[in-house]
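Please read the structure below before turning to the comments.
Residue numbers start from 1 in every chain, and the chains themselves are labelled A, B, ... in the order their sequence lines are given, proteins ahead of strands. When reading the values below, keep in mind they use all heavy atoms of this one structure, side chains included, and skip hydrogens, waters and symmetry mates.
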2 protein chains.
Amino acid sequence: GPAWRRAWRMAASAVPAARPDPRGRPGLRAALAEHMRRSRGVSCTPDAVVVTRGIGNGLDLLAATVLRPGDRVGVEDPGWARARTALLARGMTPVPCPVDEHGLVVDALPADLRMVYTTPSHQYPLGGVLPVPRRQALLAWARRAGALVVEDDYDGEFRYDVAPLPALFDLDPETVVHLGTTSKILSSDVGVGWLVARPELAAAVARRRVDLADRTAAVSQEAVRLLLERGDLVRHVRRMRAEYARRRAVVTEELAGLPLVGDTAGLHLVVSLPPGRAERVAAEAARHGVLLDDLERHHAGPVRFSGLVIGYGAVAGRAELRAACALVRRLVADELLADDPAADAERAAGEPAVA
Amino acid sequence: GPAWRRAWRMAASAVPAARPDPRGRPGLRAALAEHMRRSRGVSCTPDAVVVTRGIGNGLDLLAATVLRPGDRVGVEDPGWARARTALLARGMTPVPCPVDEHGLVVDALPADLRMVYTTPSHQYPLGGVLPVPRRQALLAWARRAGALVVEDDYDGEFRYDVAPLPALFDLDPETVVHLGTTSKILSSDVGVGWLVARPELAAAVARRRVDLADRTAAVSQEAVRLLLERGDLVRHVRRMRAEYARRRAVVTEELAGLPLVGDTAGLHLVVSLPPGRAERVAAEAARHGVLLDDLERHHAGPVRFSGLVIGYGAVAGRAELRAACALVRRLVADELLADDPAADAERAAGEPAVA
């Protein structure tokens with residue numbers, strides 16, 4: 001939008017720092033601390049904030065700071081595959097931990113993890129919002145195990161029915177490291193995120209970052225600071241939240257009757273299907289220009305959930321979304337009918353004989 | 001400068017890609033291939049180019065793509081410490097390899113390295129330009145050893161007496177991966193660099209990058225593309241080259257008679273000092289607002305070279321540089337006199353008696 005372009009134009013005049021602060025530019029860290037307080041109810045000071053390039057960068061920096069090669073790190077299964085591959089690439093041992101429709105199954109966490117990575121605001125990809133009792137159980141487990149909890153809050157701004165639950169970080173800032181990003185609220189192309197941790201840990205991450213020659217582009221930092229300070233980002237999120245709520249309503253309306261999974265939050269939901277069916281539906285939809293995601297490929301271990309992941313964040317508008325959902329509905333019906341012998345016979349009877 | 005701000009303003013209107021290409025934006029890759037040809041005599045196609053965030057990012061992506069934990073990687077000693085720490089953080093075993101005033105000592109390379117990281121255009125920090133016979137020997141060694149050579153060309157644009165030597169990559173694109181950056185020609189805050197490799201390897205790096213959730217900010221890519229396509233970057237480099245040549249002349253003039261090390265290239269040179277002296281001089285200079293670097297701290301193994309690294313890239317202007325050099329000259333003289341017993345006696349004789 002125009003606010004975005006204006007922020008970039010102004011940011012272009014930013015004076016580059018001779019010795020950039022590895023924690024990020026002070027003005028942005030202050031603006032982010034304030035944003036965290038207002039938008040997510042998190043109280044933190046600017047010295048708890050490290051400006052990153054996004055969730056993956058934050059997780060990678062944290063792992064490189066506090067873990068040793070071979071350390072066991074819990075990752076959600078099904079879950080965000082990049083978390084697992086990024087940890088593997090630092091020599092860690094990712095341990096797939098089961099999730100259900102409410103999010104991470106805390107009772108199933110092994111005791112020997114040094115860290116667990118989780119998406120409590122809106123589990124990716126199943127879509128559960130972690131209930132309060134599980135949040136408390138997770139923190140109790142982490143304190144017993146001496147493990148860190150990494151809270152990936154990638155779309156925490158988007159909940160439509162009620163106010164978002166407070167961030168895990170606010171419940172126990174000693175045990176939790178919070179990761180946020182502009183990737184969903186602006187664009188994954190912006191390349192600005194944040195890590196919030198107790199100040200000593202934030203400082204350690206920043207020092208480690210220097211070793212890794214890792215940083216966030218200054219102009220991007222300035223643009224995000226301007227958007228935050230002028231209130232543009234909050235207004236933008238408010239508009240998006242209203243729009244995404246309407247889009248979500250379109251999806252649930254058009255797909256009514258199909259088994260939908262996922263809480264009223266975020267930018268995607270799941271249509272459950274019997275195992276092995278989603279891939280064909282997604283391939284057929286792609287031929288019609290509709291991109292769907294196969295839930296099975298988000299598993300690290302054996303497949304436990306099958307279906308389609310339907311994202312409504314990137315689609316052009318509600319009319320396009322409605323048409324895409326109608327297509328999905330038809331393709332899913334065709335696919336499910338295909339293994340119904342009665343339906344097969346019926347269709348065969350209606351088919352022209354081979355000439 | 002104004003071209004820079006204009007490029008950013010225009011880049012702000014860039015349309016973010018729905019599915020960003022992990023190799024970087026196609027327009028920038030084409031512009032970089034052309035830039036490599038003109039400025040460094042490297043012939044490459046856009047599919048040999050991956051847009052990175054800088055040298056460290058390029059080295060890290062390459063290591064994460066082609067190496068396995070524990071692999072032995074040669075790094076220059078003294079050398080750029082971040083290369084060593086970044087490799088360590090991927091579980092590799094960095095092997096310090098000696099350099100002399102001409103650059104990497106190729107004869108001393110062990111045969112069991114899987115990769116060697118080097119700065120042939122202007123060794124960091126000693127300042128040697130790797131002579132042609134050593135370049136040929138390095139490539140012959142690499143082919144025998146089955147090792148990759150990583151050519152860090154961080155300030156390859158800046159040579160003042162003669163034309164730069166051709167890049168190693170152009171001599172053997174199968175064996176060499178070339179890393180470039182805007183960090184010295186624009187600012188380390190821009191966060192755009194490039195990796196040039198044979199196309200299959202470039203494609204593998206880009207695929208690996210997706211696993212690591214790693215990317216370069218789109219607006220930064222657009223700004224650099226505009227600067228390249230409009231010729232602004234080449235003009236800027238030409239102006240900087242003239243300015244840095246004058247600055248270098250100021251330094252060699254003001255420090256005439258001191259043992260200077262480093263070829264007529266780059267943005268820094270070295271004043272040799274006896275072991276253990278540079279730290280005190282640097283501390284004293286810092287009290288006068290002049291930042292110098294101690295050569296000893298760039299060693300990974302035992303210290304073999306001692307002195308001061310004097311950078312003239314970041315200083316405000318030639319007058320400031322001249323004053324700083326005069327200060328360095330005085331502090332070095334004081335430091336060297338301090339261990340001359342005759343000078344001590346002389347000074348003692350001239351000192352007032354304690355009252």
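Counting heavy-atom pairs closer than 4.5 Å to chain A, the top residue among B:G54, B:A89, B:A86, B:A223 is B:A89.
Checked against side-chain hydrogen bond (donor to acceptor under 3.5 Å, both in side chains), B:R225 has the following partners two or more places apart in sequence or in another chain: B:E222, B:E229.
Of the two parts of B:V210, the backbone and the side chain both hold a non-hydrogen atom closer than 4.5 Å to a non-hydrogen atom of chain A. For A:R208, the part lying near chain B is the side chain, with the backbone staying farther off; criterion is any non-hydrogen pair under 4.5 Å. For B:L291, the part sitting under 4.5 Å from any heavy atom of chain A is the side chain, from C-beta outward, and nothing else.
Of all non-hydrogen atoms in A:D211 and B:T85, the two that sit nearest each other are O-OG1, 2.5 Å. Residue A:R53 comes nearest to B:R53 through the heavy atom pair NH2-NH2, 2.8 Å, listed as atom of the first residue, atom of the second, then distance. Residues A:S220 and B:A217 approach most closely at OG-CB, 4.0 Å, considering heavy atoms.
Contacts of residues 61-83 of chain A with chain B at a heavy-atom distance below 4.5 Å involve A:W80, A:R82, listed in sequence order.
The distance from atom CG of A:L59 to atom CG of B:L212, rounded to the nearest 0.5 Å, is 11.0 Å.
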